[in-house]
Amino acid sequence: MKIKTVPNDYFVDVKNEVTDNGQELKGYYQNNQLKKIKHSVGFSFWKIIREYFYYKNELIFVLETKFQTNDENGFINNPKLIYKNSYYFNNNKLIKKIVKETSDTIDFVKESNELKDDLKNYK
């Protein structure tokens, strides 16, 4: 697989998106076709990782994971898993979700398309 990485600088300089602990975007390609996107965003006390999986260029699954990375004493050596949520799609429609903890309401199809654009736009 070929991996394309979009660093935090792109989000700060181009998109004017600043987070406490940065963000990173990775696109995983096989035979020039996008198979997976991994987007990680670091906030003050936690990190959220969303992984988008594709089949024939269509979103089929999203795995959303949240980790606690800081506490009142500072950084945690081993981040603590807060939750893992799974979302299943067919024809760009959410068909099933397994939610351990409610997270912000997100339009995953829209966000997925925006992240695809970021991967295309980053040189």
Side-chain angles (χ1 to χ4, degrees):
M1 261 196 187
K2 180 183 165 201
I3 301 171
K4 181 177 184 179
T5 302
V6 179
N8 185 56
D9 292 347
Y10 168 83
F11 293 98
V12 173
D13 298 340
V14 175
K15 298 190 76 180
N16 201 30
E17 294 177 4
V18 179
T19 62
D20 297 337
N21 291 308
Q23 58 183 312
E24 182 180 73
L25 175 64
K26 289 186 177 192
Y28 296 79
Y29 299 85
Q30 187 174 39
N31 300 326
N32 292 323
Q33 214 175 44
L34 183 63
K35 297 293 182 182
K36 176 183 168 182
I37 289 176
K38 182 177 183 180
H39 184 221
S40 111
V41 182
F43 297 101
S44 296
F45 287 91
W46 58 82
K47 182 180 213 174
I48 296 174
I49 300 170
R50 292 194 184 104
E51 296 175 90
Y52 301 81
F53 294 84
Y54 301 89
Y55 178 73
K56 294 185 179 179
N57 206 30
E58 188 171 306
L59 182 65
I60 57 169
F61 178 72
V62 176
L63 178 63
E64 178 183 48
T65 312
K66 183 177 182 179
F67 294 93
Q68 181 180 353
T69 55
N70 290 326
D71 62 15
E72 59 279 349
N73 299 318
F75 283 101
I76 299 172
N77 288 335
N78 295 313
K80 178 184 171 190
L81 177 65
I82 304 297
Y83 67 77
K84 270 189 179 183
N85 292 338
S86 301
Y87 304 88
Y88 298 83
F89 294 84
N90 188 15
N91 293 320
N92 288 324
K93 301 267 191 262
L94 180 65
I95 58 170
K96 180 180 179 181
K97 62 182 175 179
I98 300 170
V99 179
K100 303 291 181 189
E101 182 175 307
T102 305
S103 63
D104 297 332
T105 303
I106 294 167
D107 182 340
F108 289 112
V109 173
K110 180 181 176 192
E111 185 174 87
S112 162
N113 288 330
E114 290 171 2
L115 294 172
K116 280 187 199 178
D117 289 342
D118 291 333
L119 284 165
K120 286 178 192 171
N121 294 335
Y122 180 72
K123 303 295 181 208

To the nearest 0.5 Å, how far apart are CG in N8 and CD in E17?
-> 9.5 Å

Does K96 make a cation-pi contact with Y88, if we ask for NZ or CZ under 6.0 Å from the ring centre and within 45° of the axis?
-> yes

Validation row: Y122, T5 side chains within 4.5 angstrom (heavy atoms) | no

Between the CD atom in E51 and the CD1 atom in I37, the distance rounded to the nearest 0.5 Å is 11.0 Å

Report the C-alpha distance between M1 and K36 in whole Å, list the side-chain angles of each, state the deciding distance to 0.1 Å, and finish with yes or no for side chain to side chain contact (heavy atoms under 4.5 Å, CB included).
-> CA-CA 10 Å; M1 261 196 187; K36 176 183 168 182; 6.0 Å; no

Work out which heavy atom in I48 is nearest to a heavy atom in F43; give both atom names and the distance.
-> CD1-CE1, 4.0 Å

Taking atom NZ of K4 as the centre, report whether more than 12 heavy atoms of other residues, nucleotides or ligands fall under 6.0 Å from it.
-> yes

Cluster check F67, V62: I/L/V/M/F/W/Y, side chain < 4.5 angstrom | no

Sequence neighbours excluded, the answer for ring pair (Phe, Tyr, Trp, His ring centres under 6.0 Å) partners of F53 is F61

Neighbour count above 12 (heavy atom, 6.0 Å) for D13 CG | yes

Y55, OH atom: more than 12 neighbouring heavy atoms under 6.0 Å | no

Check whether any side-chain N or O of E58 sits under 3.5 Å from a backbone N or O of N91 as a donor-acceptor pair, and report yes or no.
-> yes

Within one Ile-Leu-Val-Met-Phe-Trp-Tyr cluster: I95 and L63, side-chain cutoff 4.5 Å = yes

Kindly work out whether a path of hydrophobic side-chain contacts (I/L/V/M/F/W/Y, heavy atoms less than 4.5 Å apart) joins L25 to V109.
-> yes

Check: H39 and F11 side chains under 4.5 Å, non-hydrogen atoms = yes

Would you indicate whether the side-chain heavy atoms of D118 and Y10 approach each other to under 4.5 Å?
-> yes

Which value, rounded to the nearest 0.5 Å, describes the distance between L115 atom CG and K38 atom NZ?
-> 14.0 Å

Does the side chain of I106 reach to within under 4.5 Å of the side chain of Y87, using non-hydrogen atoms?
-> no

Residues, nucleotides or ligands: over 12 heavy atoms within 6.0 Å of D107 CG = yes

Any donor-acceptor N/O pair, N85 side chain to K100 backbone, under 3.5 Å | yes

Looking only at heavy atoms, which two atoms of K26 and E24 are closest? And how far apart?
-> CE-OE1, 3.3 Å

Verify, without hydrogens or angle tests, whether N21 (side chain) and G42 (backbone) share a donor-acceptor contact under 3.5 angstrom.
-> no

Full working for side chain to side chain contact (heavy atoms under 4.5 Å, CB included) between F108 and L94 | CA-CA 9 Å; F108 289 112; L94 180 65; 5.9 Å; no

Roughly how far, to the nearest 0.5 Å, is CG of N57 from CG of L59?
-> 10.0 Å

Given the rule that I, L, V, M, F, W and Y join up when any side-chain heavy atoms are under 4.5 Å apart, are Y54 and Y28 in one cluster?
-> no

Would you indicate whether K84, at its atom NZ, is surrounded by more than 12 heavy atoms from other residues, nucleotides or ligands within a distance under 6.0 Å?
-> no

K80, NZ atom: more than 12 neighbouring heavy atoms under 6.0 Å = no

For V12, the other hydrophobic cluster members (4.5 Å side-chain criterion, sorted by chain and number) are V18

Do other residues, nucleotides or ligands put more than 12 heavy atoms under 6.0 Å from K66 NZ?
-> yes

Side chain to side chain contact (heavy atoms under 4.5 Å, CB included) between Y52 and K116, worked out | CA-CA 10 Å; Y52 301 81; K116 280 187 199 178; over 6 Å; no

Cluster overlap V41 with L81, hydrophobic side-chain contacts below 4.5 Å = no

Contact summary for T69 and P79, nearest pair of heavy atoms | CG2-CB, 4.3 Å

